[in-house]
Amino acid sequence: MKYCRLVAAVAALGIVSMSHAASPVLVIHGGAGVIKREMSPAREKAVRAALTQALKDGYAQLKAGKTAVDAVAAAITVLEDDPNFNAGKGSVFTHDGKNELDAAIMDGSTLEAGSVAGVHRVKNPILLARAVMEKSSHVMLVGEGAEEFAKSVGIELVDPAYFRTEERWQQLQKALKEDAEHARHSDVETAKHFGTVGAVALDAQGHLAAGTSTGGMNDKRWGRVGDSPIIGAGTYANSGCAVSGTGWGEFYMRTVAAHEICMRVTQMRVPLRRAAAEVINQEIPSMGGNGGAIALDSDGNVTMPFNTDGMYRGWIGADGVPHVAIYGDENDGAGEPLPAAADSTAQP
Ligand code: ASP
């Protein structure tokens with residue numbers, strides 16, 4: 001008891017930090033698969049501004065002493081509202097010309113999680129996923145039922161036309177034309193156009209959270225659901241690690257990518273950067289998939305690996321300065337990426 005008081009007193013003086021206290025960190029992505037030659041200066045500027053705003057809004061929550069879940073929800077809401085990303089407004093279209101949105105959130109401190117899939121009218125699917133986590137006894141709700149639940153808990157619903165952007169509509173028309181001509185690009189080509197958004201955060205209590213929101217894949221059909229709302233595949237957090245993925249969802253599901261990264265970190269004690277690189281840069285490409293992820297551990301280490309040309313990404317930590325990057329050859333300040341052939345057997 002005396003010892004505890006002593007530690008608390010020393011901590012109050014700022015000499016040591018209590019074991020549960022942490023310096024807040026927020027990491028975000030706005031999707032992998034960016035192609036430099038397809039980016040206009042205007043779009044690049046808009047994307048960088050949106051990523052910066054998402055970092056600022058999410059970090060403000062952390063600075064105010066709010067939880068990692070609050071920060072993740074705040075950052076993702078900004079990106080869902082911005083039409084430049086494939087989540088919320090600006091989501092890709094299904095084969096049938098609709099928008100079907102998926103999202104998930106997980107609180108690493110409690111292992112509670114909430115997710116939604118195939119919603120058409122929920123303005124901010126991440127807020128509905130959070131409501132599923134906090135206000136229902138379930139983890140995952142889909143389609144009409146999810147929207148019934150949204151109504152019952154006061155989550156904002158919009159006309160489905162709200163999500164439409166001309167650019168996404170044209171992307172669908174292009175894919176449909178290619179379908180019709182049987183001259184469709186290979187799946188890998190089609191799968192390049194991601195844009196999903198995600199966030200992971202560490203709050204001042206040392207708690208982690210992860211969240212992801214997406215319109216899924218352009219031209220998807222038959223009620224296809226990707227990895228983003230699947231806990232463990234595109235989204236996962238525990239007490240030591242938080243991950244949000246973006247990429248060709250089928251491969252993230254088959255590798256249970258987000259959970260796999262976190263298990264390597266918390267059970268096998270593999271350093272975060274190496275664990276994420278093993279799954280994103282080795283395991284997924286070796287099966288034919290592609291994409292990226294953001295990951296954060298309870299020591300505040302950040303990593304943002306991807307095996308595509310670029311990934312919209314950013315992070316903000318103790319100095320409160322947002323760091324934003326898009327391309328693969330751009331320094332994002334989170335350390336050099338590990339080479340794709342990193343030694344998977346390496347120990348810390
Ligand atoms: N992972 C998402 C999905 O497969 C797509 C993306 O990240 O852009 O639905």
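Both counts, for ligands and for their atoms, begin at 1 and track the order of listing. Only this structure's heavy atoms are used, side chains among them; waters, hydrogens and symmetry mates stay out.
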Self-check item: Close approach of Gly195 to ligand 1, heavy atoms, under 4.0 angstrom
Solution: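 Gly195 counts as a contact of ligand 1 under the 4.0 Å cut-off.
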
What's the separation between atom [atom1] in [X] and atom [atom2] in [Y], rounded to the nearest 0.5 Å?
X      : Y      : atom1 : atom2 : answer
Thr303 : Ile294 : OG1   : CD1   : 10.5 Å
Ile126 : Thr235 : CD1   : OG1   : 7.5 Å
Thr196 : Met217 : OG1   : CE    : 9.0 Å

Please identify which atoms of ligand 1 are closer than 4.0 Å to at least one heavy atom of [X].
X      : result
Thr246 : 6 (C), 7 (O), 8 (O)
Thr196 : 2 (C), 5 (C), 6 (C), 7 (O), 8 (O)
Asp227 : 1 (N), 2 (C), 3 (C), 4 (O)
Gly226 : 9 (O)

- [ ] Look at the rings of His259 and Tyr236 and say which category their plane angle falls in: under 30° parallel, 30 to 60° tilted, over 60° perpendicular.
- [x]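 Perpendicular, since the angle between the ring planes exceeds 60°.
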
**Asked** When you measure from atom 5 (C) of ligand 1 to each heavy atom in Gly249, Gly292, Gly247, which option holds the nearest one?
**Response**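 Considering heavy atoms of Gly249, Gly292, Gly247, the nearest to atom 5 (C) of ligand 1 sits in Gly247.
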
* Do any pairs count as a salt bridge (Lys or Arg N to Asp or Glu O under 4.0 Å) and have a residue in residues 74-99, sequence neighbours left out, and if so which ones? ->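 Qualifying pairs: Asp81-Lys123.
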
Does ligand 1 have a heavy atom under 4.0 Å from the side chain of Arg224, from its backbone, from both, or from neither?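 Only the side chain of Arg224 comes within reach of ligand 1.
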
Open item on the list: Among residues at least two apart in sequence or on other chains, which ones pass salt bridge (charged side-chain N to carboxylate O under 4.0 Å, His left out) with Asp329?
Closed with: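 Listed in chain order: Lys36.
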
